[in-house]
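Right, one structure below, let's go through it.
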Amino acid sequence: MTSILTNNGAMVALQTLKSVNNNLEETQNQISTGKEVGMAKDNSAVWAISKTMESDIQAYEAVGDALNFGEATVAVASSGMEQIVETLKEMRELAVAGVSQNVDHAKIEADLAKKKEQIDSIIDSASFNGANLLDTAVTSQLDVLGGISATADVITVSAIDTGASLSTGTISALTSANADDVLTQIEALLTFAIDSAAQLGADSNRLSDQNDFVSKLTDSLKSGVSTMADTNMEEASARLKALQTQQQLAVQSLSIANQAPQTLQQLFR
């Protein structure tokens, strides 16, 4: 039955056109924003998960910054201690030469005194943003944020007690009579400095390894969020072309449906 009051064909065509237009607008938004799930209404479950993961990403990026800062602080101390080791090796060489009787002990002692000053200067200068891991009077330990869980994961780097175990004041002034004692004193400091440099190197490696892990974990989380929430541009492009075609056909269908009642006029001629 054909009615001049109700055009069922036009209503169906109009509903189809509305549906196509809604899908087309949604697809265009996904392409323009790059987000398939940009708001909670798009997919509440996926949106909630992605937002939680994005919060974790921000937290791990902050952890990465803290680890970078910690690495830099330990690197300064490690470089300083390695230089102290080299200086003590030079002092040991001078002390060995001082054991001989036919050398100028005064000149050797003058050289040793300069190198003592150099060691003291290195210890005082091995500071990074106020933290000095070669001077426990300045910094007793360095706490570095290494991760996030139920509680903060802190990596602790202990400072080197150079004041007690690496004091150049414990080295006697070199003379022809005490050269052996001076050599023993320097060797004791050298052993401590080597052990301390090794400790700082191990701490630096731990921070570096943790930083690498946090960086990879952050990348994995970003990839996961992208998989869940980002638009598949190839798929969206194909869907856009299909919807544009459907829109054109729906408009034509609505036009045809609107013209159908006009044919009734022929029945009354």
Determine all donor-acceptor pairs shorter than 3.5 Å in which one atom belongs to a side chain in residues 108-118; sequence neighbours excluded.
{"residue": "Glu109", "atom": "OE1", "partner": "Leu174", "partner atom": "N", "Å": "2.7"}
{"residue": "Lys115", "atom": "NZ", "partner": "Glu90", "partner atom": "OE1", "Å": "2.7"}
{"residue": "Lys116", "atom": "NZ", "partner": "Ile171", "partner atom": "O", "Å": "3.0"}

Is any side-chain heavy atom of Leu249 less than 4.5 Å from a side-chain heavy atom of Gln252?
yes
If you look only at distance, which donor and acceptor atoms sit under 3.5 Å apart when one is on a side chain in residues 175-182 and the other is two or more places apart or in another chain?
{"residue": "Thr175", "atom": "OG1", "partner": "Ala177", "partner atom": "N", "Å": "3.3"}
{"residue": "Thr175", "atom": "OG1", "partner": "Asn178", "partner atom": "N", "Å": "3.3"}
{"residue": "Thr175", "atom": "OG1", "partner": "Asn178", "partner atom": "OD1", "Å": "2.8"}
{"residue": "Asn178", "atom": "OD1", "partner": "Thr175", "partner atom": "N", "Å": "2.7"}
{"residue": "Asn178", "atom": "ND2", "partner": "Ala173", "partner atom": "O", "Å": "2.9"}

Show me the pairs that pass ring-ring contact (aromatic ring centres under 6.0 Å, His included) and involve residues 48-101, at least two apart or across chains.
Phe69-Phe128
For residues Val74 and Leu207, determine if any side-chain heavy atom of one lies less than 4.5 Å from a side-chain heavy atom of the other.
yes
Let me confirm one number: the OG-CG distance from Ser50 to Leu221, rounded to the nearest 0.5 Å.
12.0 Å
Are the side chains of Leu134 and Leu200 in touch, meaning some heavy atoms are under 4.5 Å apart?
yes
Can you tell me if Thr231 uses its side chain to pair, donor with acceptor, with the backbone of Lys35 under 3.5 Å?
yes
Apply side chain to side chain contact (heavy atoms under 4.5 Å, CB included) to residues Asn211 and Asn68 and explain how you reach the verdict.
CA-CA 7 Å; Asn211 201 359; Asn68 286 331; 2.5 Å; yes
Sequence neighbours excluded, which residues qualify as salt bridge (Lys or Arg N to Asp or Glu O under 4.0 Å) partners of Asp135?
none
Should Val144 and Leu142 count as side-chain neighbours, where that means a heavy-atom distance under 4.5 Å?
yes
Close side-chain approach of Met228 and Ile49, heavy atoms under 4.5 Å
yes
Any Thr73 side-chain heavy atom under 4.5 Å of Leu133 side chain:
yes
Any donor-acceptor pair under 3.5 Å linking the side-chain atoms of Asn132 with those of Thr139?
no
Checking side chain to side chain donor-acceptor pair (under 3.5 Å) for the pair Thr170/Gln185: CA distance, chi angles, key distance, verdict?
CA-CA 7 Å; Thr170 61; Gln185 294 166 2; over 6 Å; no
Please report the C-alpha distance between Asp143 and Gln141 in whole Å, then the side-chain angles of each, then the deciding distance to 0.1 Å, and finally whether the side chain to side chain donor-acceptor pair (under 3.5 Å) criterion is met.
CA-CA 7 Å; Asp143 293 328; Gln141 66 182 36; 3.2 Å; yes
When you compare the side chains of Asn21 and Gln247, does any donor N or O come within less than 3.5 Å of an acceptor on the partner?
yes
With a 4.0 Å cut-off on N to O distance, would you call Lys89 and Glu93 a salt bridge?
no
Not counting sequence neighbours, which residues clear salt bridge (Lys or Arg N to Asp or Glu O under 4.0 Å) with Glu61? List them please.
Lys222
Taking salt bridge (charged side-chain N to carboxylate O under 4.0 Å, His left out) as the cut-off, I'd like each qualifying pair that reaches into residues 196-209, sequence neighbours left out, listed once.
none
Hey, are the side chains of Leu24 and Gln28 touching, using non-hydrogen atoms and a 4.5 Å cut-off?
yes
